[in-house]
Amino acid sequence: MPVSLDTLNSSSRDEFVAALGGLFEHSPWVAEAAFDKRPFATVAALHEAMMQAVLDSPRATKIAFLKAHPDLAGKAARAGDMAPASVSEQAGLGLDRLSDEEYETFQRLNAAYLNRFGFPFIVCVRRQTRDAVLASYEPRLANDEASELARALDEIAHITRLRLIETVEGPGMPATAGHLSTHVLDTYHGEPAAGIRIELFEVGLSGRARIAEAVTNKDGRTDAPLMHGKPLRRGRYELVFHTEAYFRRRGVALPDIPFIGDAVIRFGIDQPEGRYHVPLVMTPWSTATYRGS
């Protein structure tokens, strides 16, 4: 169960470190440093204090801190020999069950990165698709050491922010969630399109996986967002709107092979905490979309 911010503000040093010491990979010293900054008015302020302790540390300490993190999809991931949170995070992206070919790809990229910078490649996998993770190696390998050190620490800020909100409850929670929604407007009939089945897929070199399904209500919207309550993973997606069945049900005379069967919108997400609205404006012979808010 999460611990309250009030409890942390009144706890002993040992209790404070016991509650938060595991948030930063094998580095309870971060929680110890933040203890002296109490009391915290918000959970976001608590996280800022912990990250500031890392940012204010000497360069050698920062490098040692980064080296405490496991490789992505490395031997430790396969063996489960990591901090429990890292095990869960990498497993959530399937990095503990790669094919031999995928495993070798990650091993090669990890080795190239470690050889160049002297610390592991670090990314918040809960904000990425697997394809997005793989695509990020090459541009980051082109960075200079100072830029990549800053990038690694920024990724750790995202990682630990997500861990913290699962550990602590209280006022002023940091913003970590994105939002993806849609609606359908039937301009042939001049009204919202009710009863259209919608499927959301993650697409990429790793495959095509359905991650959500919904049916539009009388307002042409889904009763709940397609994705919300957590970061949106950076990557490419596909929305499939089953429009042929809708128009046939409405009595529109369509040929056996209609001009538009299922309407498909492919789009990308680059802001995991962003708000994305991807609507469909349609007739039996045309479709349009845009990024809404």
field: Given Arg163, His69, Lys67, the one that forms side-chain hydrogen bond (donor to acceptor under 3.5 Å, both in side chains) with Glu25
entry: Arg163
Test item: Arg151 side-chain N/O and Val123 main-chain N/O as donor-acceptor pair under 3.5 Å: no
message: I'd like to know if the side chain of Asp71 reaches the main chain of Asn110, judged simply by a donor and an acceptor atom lying under 3.5 Å from each other, with no hydrogens or angles considered.
response: no
task: Return yes if some donor-acceptor pair links the side-chain N/O of Ser27 with the main-chain N/O of Trp29 below 3.5 Å, else return no.
output: no
- request: Could you walk me through whether Leu134 and Thr105 pass the side chain to side chain contact (heavy atoms under 4.5 Å, CB included) test, one step at a time?
  value: CA-CA 9 Å; Leu134 283 170; Thr105 297; 4.1 Å; yes
field: Any donor-acceptor N or O pair under 3.5 Å, side chains His277, His179
entry: no
- request: Determine, using the 4.5 Å side-chain heavy-atom cutoff (strictly less than), whether Leu55 and Leu20 are members of one ILVMFWY cluster.
  value: yes
task: Examine distances only and state if a side-chain atom of Thr42 and a backbone atom of Ala45 form a donor-acceptor pair shorter than 3.5 Å.
output: yes
query: Is any NZ, NE, NH1 or NH2 atom of the basic residue among Arg233 and Glu273 found under 4.0 Å from an Asp or Glu carboxylate oxygen of the other?
result: no
message: Is it the case that the side chains of Thr216 and His183 hold a donor-acceptor pair, with the cut-off being a distance below 3.5 Å and no angle test?
response: no
field: Distance in Å, Ile196 CD1 paired with Asn217 CG, rounded so as to fall on 0.5 Å steps
entry: 11.5 Å
- prompt: Are any non-hydrogen side-chain atoms of Leu180 and Pro225 less than 4.5 angstrom apart?
  reply: no
task: Using the side chain to side chain contact (heavy atoms under 4.5 Å, CB included) rule, take Tyr188 and Trp285 through it: C-alpha gap first, then chi angles, then the decisive distance, then the call.
output: CA-CA 9 Å; Tyr188 180 76; Trp285 310 281; 3.5 Å; yes
message: Is it the case that over 12 heavy atoms from other parts of the model lie below 6.0 angstrom from the CZ atom of Arg249?
response: yes
query: With the threshold set at 4.0 Å, does a side-chain nitrogen-carboxylate oxygen contact exist between Glu202 and Arg208?
result: no
field: 4.5 Å side-chain heavy-atom contact, Glu238 and Phe267
entry: no
field: Over 12 non-hydrogen atoms of neighbours within 6.0 angstrom of NZ in Lys62
entry: yes
Pro2 side chain reached by Thr167 side chain, heavy atoms, under 4.5 Å: no
Whether over 12 other heavy atoms sit under 6.0 Å from Phe259 CZ: no
query: Does Val278 offer a backbone N or O that forms a donor-acceptor pair with the side chain of Thr182 under 3.5 Å?
result: yes
- prompt: Ignoring hydrogens and geometry, is there a side-chain-to-backbone donor-acceptor pair from Glu104 to Glu101 under 3.5 Å?
  reply: no
query: Under the side chain to side chain donor-acceptor pair (under 3.5 Å) test, which residues partner Glu213, sequence neighbours left out?
result: Arg197, Arg210
Arg140 to Phe121, cation-pi by 6.0 Å centre distance and 45° axis angle: yes
task: Report yes or no: is the cationic atom of Arg266 (NZ for Lys, CZ for Arg) closer than 6.0 Å to the six-membered ring centre of Tyr237, at no more than 45° off its axis?
output: no
message: Could you check whether Gln128 and Arg234, counting side-chain N and O atoms only, form a donor-acceptor pair closer than 3.5 Å?
response: yes
message: Can you confirm whether Leu280 sits close enough to Thr289 that some side-chain heavy atom of one is under 4.5 Å from a side-chain heavy atom of the other?
response: no
Side-chain donor-acceptor pair present, His242, Glu199, cut-off under 3.5 Å: yes
message: Any heavy-atom pair between the side chains of Ile198 and Val184 that's under 4.5 Å?
response: yes
query: Just by modelled atom types, is the Phe40 backbone N or O under 3.5 Å from a matching donor or acceptor in the Asn9 side chain?
result: yes
query: Considering residues at least two apart in sequence or located in another chain, which fulfil the side chain to side chain donor-acceptor pair (under 3.5 Å) criterion with Ser10?
result: none
- request: Report the distance from atom CZ of Phe241 to atom OG1 of Thr287, rounding to the nearest 0.5 Å.
  value: 9.5 Å
- prompt: Just by modelled atom types, is the Asn143 backbone N or O under 3.5 Å from a matching donor or acceptor in the Arg116 side chain?
  reply: yes
message: Whether the side chain of Thr160 engages the backbone of Ile156 through a donor-acceptor N/O pair (distance < 3.5 Å, no angle test) should be reported.
response: yes
query: Which is it for Phe119 and Phe65 under the side chain to side chain contact (heavy atoms under 4.5 Å, CB included) test, yes or no, and what are the steps along the way?
result: CA-CA 9 Å; Phe119 49 83; Phe65 169 67; over 6 Å; no
